[in-house]
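Let me begin by presenting the structure, written as structure tokens, before commenting on it.
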Number of protein chains: 2
Amino acid sequence: MMRTIDPAKHEARRRNIVNAAAGLFAAKGFERTTTAEICKAAGTSTGNLFHYFPNKRAIFLAVFEEDGDEKAEFLARAVAGDDPWAALLEVVDLLAAPAAEPTVPPLVMEAMVQAYRDPEVEAALSRDNAEEHAAIAALLSRAAEAGQIDPGLDPVGTATWIQTLIGSLYTGAATNPGFEPAEQLPTLHLILRRFLRAEPGPS
Amino acid sequence: MMRTIDPAKHEARRRNIVNAAAGLFAAKGFERTTTAEICKAAGTSTGNLFHYFPNKRAIFLAVFEEDGDEKAEFLARAVAGDDPWAALLEVVDLLAAPAAEPTVPPLVMEAMVQAYRDPEVEAALSRDNAEEHAAIAALLSRAAEAGQIDPGLDPVGTATWIQTLIGSLYTGAATNPGFEPAEQLPTLHLILRRFLRAEPGPS
DNA sequence: GTCTATAACGCGATAGAC
DNA sequence: GTCTATCGCGTTATAGAC
């Protein structure tokens, strides 16, 4: 008598719940989304939902616990590449890409707000942030050595600014109705090019 | 027997409630702040609170309905000034200044999130946004005419980017613990100078 | 024995009657 | 200005299906 059955079905059901919840969290926010709504959207029921997750917060956290591995690999490969400047632009594009999906920017906003009160959300976000920051800072250092960017810039502080510039695509998409992150990418590249590649120069 | 009393006292009491609520909204967010807490913090009681405001949302809205006049004046004066580039930097500093106050960034985050669902909040924010955007775009046009910045930049799109850059100071302060907007202002100026004043140049 | 569904509890918040 | 009715939420206790 197969004791524990297919973990595949378990995962599928779990994912189904997470996906349904993600849509609701994006549309209505965490607190205004009720567990009953999640159940209805996922086609399941209360008892079942609390069989997969201990509480509502755990569902929210699960939304953001994905695809960490692929990104880490990509970042590692980029840092190790030959052309730091080109790699930097690729990293920027990679990190900016999800902003074009309609549900992601509101979810990111919600996560930033929740990170304020919930230490677990805070931890999850800062882990991701630190990973990206390290990769960007490393690329900036290497690009400076290679003479591709202004060597006078502090890699740590500059990396933070690049992250906030990418973040602007998310906040912009979440707040301005007509803001299309994909359209803004060329401008972001232009800003970075002019900011980073500028001659040290006077004043 | 004076029927309707001093509107001054009314306003003071109202302001008192709004200020107390603002602190709580900043610390705990809108939904997690209870009307009872607001009452306690404001030193009043439930019935009295609902005498001044119809519901909790109205209190939240009142937090953001202030000092509109002074800012509008300042913007108008800046646009009319002699040196558009200097005026632009002054406008940036003015709009960035509140980010240094500890309670403001979380409140702004909360407002951006609430603007998604609440049309009234959305309206209030976009009114402010449009005002600032118009001023910045006008300054960009004048600075381009005066040969102070790259004339190839689209004033409308560039103004939006400048707004998001300023917004980064708020989101950065709200998310990164060690992020000090005041310290980042010089870097913001540097980014703007290099981005905007660059020669049109090739590539 | 693992998964799913129903139903109900306790809590706390809003709002309005007094 | 106090007090409290009403309602909706997250959660759990209980019981049935695969």
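We name chains A, B, ... by the order of the sequence lines, and we start the count at 1 in each one. Because the structure is a prediction, the values reported are computed rather than measured.
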Could you check whether any side-chain heavy atom of Val121(A) comes within less than 4.5 Å of a side-chain heavy atom of Tyr116(A), counting everything from C-beta outward? no
Pairs where residues 73-92 of chain B contributes a residue and the test side-chain hydrogen bond (donor to acceptor under 3.5 Å, both in side chains) is met, not counting sequence neighbours: Asp83(B)-Gln148(B)
Classify the ring geometry between Phe30(A) and Phe25(A) as parallel (under 30°), tilted (30 to 60°) or perpendicular (over 60°). tilted
Is His51(B) close enough to dG1(D) that one of its side-chain N or O atoms is under 4.0 Å from OP1 or OP2 there? no
Exceeds 12 heavy-atom contacts within 6.0 angstrom, atom CZ of Arg197(B): yes
Length of the CD1-C1' vector between Ile59(A) and dT11(D), whole Å: 12 Å
Partner residues of Arg117(B) under the side-chain hydrogen bond (donor to acceptor under 3.5 Å, both in side chains) criterion, sequence neighbours left out: Glu110(A)
Asn48(A) atom CG is separated from dC3(C) atom P, nearest whole Å, by 10 Å
Can you tell me the distance, in whole Å, between the CD atom of Glu37(A) and the P atom of dG8(D)? 13 Å
With the sugar-phosphate defined as primed atoms, P, OP1 and OP2, and the base as all remaining atoms, what B/S/- string results for nucleotides 13-18 of chain C, 5' to 3', for protein heavy atoms under 4.0 Å? SSBB--
Rounded to whole Å, how long is the line connecting atom CD of Glu11(A) with atom P of dT2(C)? 18 Å
Take the angle between the ring planes of His10(A) and Tyr52(A) and call it parallel below 30°, perpendicular above 60°, tilted in between. tilted
Separation of Leu49(A) atom CG from dC3(C) atom P, in whole Å? 15 Å
Under 3.5 Å, is there a donor-acceptor pair linking the side chains of Glu31(A) and Gln114(A)? yes
Sequence neighbours excluded and cut-off under 3.5 Å, please list the side-chain donor-acceptor pairs for residues 157-167 of chain A, or say none.
from, atom 1, to, atom 2, distance (Å)
Thr158(A), OG1, Asp154(A), O, 2.6
Thr160(A), OG1, His133(A), NE2, 3.0
Thr160(A), OG1, Val156(A), O, 3.2
Trp161(A), NE1, Gln184(B), OE1, 2.7
Gln163(A), NE2, Asn129(A), O, 3.1
Gln163(A), NE2, Asn129(A), OD1, 3.0
Thr164(A), OG1, Trp161(A), O, 2.8

Test salt bridge (charged side-chain N to carboxylate O under 4.0 Å, His left out) applied to Asp93(A) - qualifying residues, sequence neighbours left out: none
Look at Tyr52(A) and dC3(C) and indicate whether a side-chain polar atom (N or O) is within less than 4.0 Å of OP1 or OP2. no
Return one dot-bracket line describing DNA chain C 5' to 3' (Watson-Crick or G-U wobble pairs, both distances under 3.5 Å; ( ) same strand, [ ] crossing, | another strand, . none). |.||||||||||||||||
Can you check the Ile17(A) CD1 to dA5(C) P distance for me, whole Å? 10 Å
